[in-house]
Protein chains: 2
Amino acid sequence: MTAPDSTPPPNVPRACPITPVLDIVFSRWTTPILWTLHHHGRQRFVELNRNVGAITPKVLTQRLRQLERDGLVVRTYHPEVPPRVEYEISPLGLSLAPLFAALTDWSTSHLPAVERARTAFDSAGP
Amino acid sequence: MTAPDSTPPPNVPRACPITPVLDIVFSRWTTPILWTLHHHGRQRFVELNRNVGAITPKVLTQRLRQLERDGLVVRTYHPEVPPRVEYEISPLGLSLAPLFAALTDWSTSHLPAVERARTAFDSAGP
DNA sequence: CAGAATCCTTGAAGATACTG
DNA sequence: CAGTATCTTCAAGGATTCTG
């Protein structure tokens, strides 16, 4: 409802401005990974693999690469005899903390309403 | 890094507490839909279909059903000769506004850093 | 240990009709 | 108009195996 639009609407109205962020922050598995790194601190690959949940090494690697590329996670390679690799949150990754906090807040205060809406909807028209 | 854990770690560490919210708020197309409803106000199905972007009626219906079931969107059916259905954001849906604002803020202040991280990463190891 | 390679399955999304 | 009904595609995700 704010300003009508600086670009009237030629044809494709830019859907919504936060869409690009979603691919960065809310791709599947990224929040569990960031959460685990934030709460368990620096971890090696296998630890992470255990702590995050039911994730396979392949997918974990994919997501870690993406997070590393986006600068949210720092990967440290130690060239030792069994190789050792450690992952930790970057400052940029930590900048997401207030966002996640806001999400948690919304969850605690409004998730019950969602649950109620669901049961109401489901009991209305089976 | 906060408390080590009230539940030591029996086996499955609950991945991260915001995961359930993501399915509610950040399923694909939900943010463009909510955004459009928020900025263009109450709309009928076809308007919405045009305003949201490249979405097909089928998918739009699916997402609208989900949003309605979760209580984020209100659907009003007018039994007229050509049927008329209108969609609008509910108060519960509007409660997401601060969250989206936080997301927008993070985007404006940190997206450039992500871009830089990406180019740095890409130019490092081709 | 930290992945890379391979194959496979699934499910969401798109395209295209059709209907009350 | 506001969807529903099918059909098809396609890529993410999972399972498994292998290696520097």
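Naming: A, B, ... by sequence-line order, numbering from 1 per chain. Bear in mind that the values here come from a model prediction, so they are computed numbers and not experimental data.
End-to-end axis angle of the helix from C:dC1-D:dG20 to C:dG20-D:dC1, using five pairs per end and rounding to 10°, comes to 50°.
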From CA spacing to verdict: side-chain contact (heavy atoms from CB on, under 4.5 Å), B:Ile24, B:Leu72: CA-CA 9 Å; B:Ile24 298 172; B:Leu72 303 181; 4.1 Å; yes
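Separating the CD atom of A:Gln43 from the P atom of C:dC1 is a distance of 15 Å, rounded to the nearest angstrom. In this structure, the CG atom of A:Asn51 is 13 Å from the P atom of C:dA2, given to the nearest Å. Per the geometry, CG belonging to A:Leu60 stands 10 Å off C1' belonging to C:dA2, to the nearest Å. With rounding to whole Å, A:Gln66 atom CD is found 16 Å from C:dG3 atom P. When rounded to the nearest whole Å, the span between CZ of A:Arg50 and C1' of C:dC1 equals 12 Å.
Closest approach to the A:Arg44 side chain among C:dG3, C:dG20, C:dA2 is made by C:dA2 (side chain taken as heavy atoms from C-beta onward).
For C:dA2, neither phosphate oxygen OP1 nor OP2 lies less than 4.0 angstrom from any side-chain nitrogen or oxygen of A:Arg75. In terms of phosphate contacts, B:Tyr77 brings no side-chain nitrogen or oxygen within less than 4.0 Å of OP1 or OP2 of C:dG20.
From the 5' end on, the contacts that DNA chain D makes with chain A at under 4.0 Å to a non-hydrogen atom open and close at D:dG13 to D:dG20.
Side chain of B:His39 to main chain of B:Trp35: a donor-acceptor pair is present (N/O by atom type, distance under 3.5 Å, no hydrogens or angles). Distance alone, capped at 3.5 Å, places no donor-acceptor pair between the A:Ser107 side chain and the A:Leu103 backbone. Side-chain N or O atoms of A:His38 include none that pairs as donor or acceptor with a backbone N or O of A:Leu34 at under 3.5 Å. Side-chain N or O atoms of B:Asn49 include none that pairs as donor or acceptor with a backbone N or O of B:Phe45 at under 3.5 Å. The backbone N or O of A:Thr30 sits nowhere less than 3.5 Å from a side-chain atom of A:Ser27 that would complete a donor-acceptor pair. Side-chain atoms of A:Ser90 come within 3.5 Å of backbone atoms of A:Gly71 as a donor-acceptor pair (strictly under, hydrogens ignored). A:Thr119 places a side-chain N or O within 3.5 Å of a backbone atom of A:Arg116 that can act as its donor or acceptor partner. Side-chain atoms of A:Glu115 do not come within 3.5 Å of backbone N or O of B:Asp70 as any donor-acceptor pair. For the pair B:Glu86 (side chain) and B:Arg84 (backbone), a donor-acceptor distance under 3.5 Å is absent.
Listed here is the closest heavy atom pair of A:Tyr87 and A:Leu37: O-CD2, 3.5 Å.
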When you compare the protein's N or O atoms with those of nucleotides 11-16 of chain C, which come within less than 3.5 Å of each other, and at what distance?
residue : atom : partner : partner atom : Å
C:dA13  : OP2  : B:Arg63 : NH1          : 3.1
C:dA13  : N7   : B:Lys58 : NZ           : 3.4
C:dG14  : N7   : B:Lys58 : NZ           : 3.3
C:dG14  : O6   : B:Lys58 : NZ           : 2.5

